[in-house]
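Structure, as structure tokens:
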Amino acid sequence: SLSVWVHKSVPEKFKEIVAYHEFIEAELMHVEGLDLHQAHALAVQYEREYARRHLSLLHQMVYSNWRNQFQDAAYFGKART
């Protein structure tokens with residue numbers, strides 16, 4: 001079985017996108033056999049496309065600004081320090 005947790009600090013309007021990222025990442029690792037680094041990098045690409053398709057232009061900009069704080073993180077939920 002698979003458990004996916006979305007941290008409470010994720011803004012409500014982005015929780016669906018974060019969950020999408022986590023599901024894609026898990027599929028890439030557990031079904032396609034990619035390692036975490038490869039799966040995460042590809043999940044970020046899918047996630048950004050998902051955001052582009054499902055958010056207004058304004059929310060895309062807000063999302064990008066929020067998301068960029070995690071750009072260099074080892075995993076999605078760890079902000080840069």
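By convention here, the first residue in the shown sequence is residue 1.
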Roughly how far, to the nearest 0.5 Å, is the CG atom of Leu34 from the CD atom of Glu27?
10.5 Å
So, do Lys13 and Val62 sit near enough that their side-chain heavy atoms are less than 4.5 Å apart?
yes
Considering all heavy atoms of both residues, which atom of Val6 and which atom of Lys15 are nearest to each other, and what is their separation?
CG1-CG, 3.9 Å
A side-chain contact here means heavy atoms from C-beta on lying under 4.5 Å apart; do His21 and Tyr50 qualify?
no
Does some side-chain heavy atom of Tyr20 sit less than 4.5 Å from a side-chain heavy atom of Ile24?
yes
dist Glu22:CD -> Trp5:CH2 (nearest 0.5 Å) comes out at 13.0 Å
Is the number of heavy atoms from other residues, nucleotides or ligands within 6.0 Å of CD (Glu16) greater than 12?
no
Side chain proximity check, Met29 to Glu25, heavy atoms < 4.5 angstrom:
yes
Do the side chains of Val10 and Trp66 get nearer than 4.5 Å, heavy atoms only?
yes
Atom of Leu28, atom of Ala39 and distance for their closest heavy-atom approach
CD1-O, 3.6 Å
Qualifying residue for side chain to side chain contact (heavy atoms under 4.5 Å, CB included) with Glu49, from Gln45, Glu47, Arg52:
Arg52
Non-hydrogen side-chain atoms of His7 and Val18 separated by less than 4.5 Å
no
Distance from His54 atom NE2 to Gln60 atom CD, nearest 0.5 Å?
11.0 Å
Quick one, His37 and His40 - any side-chain contact, counting heavy atoms below 4.5 Å?
no
Answer yes or no: does atom OH of Tyr46 have more than 12 heavy-atom neighbours from other residues, nucleotides or ligands under 6.0 Å?
no
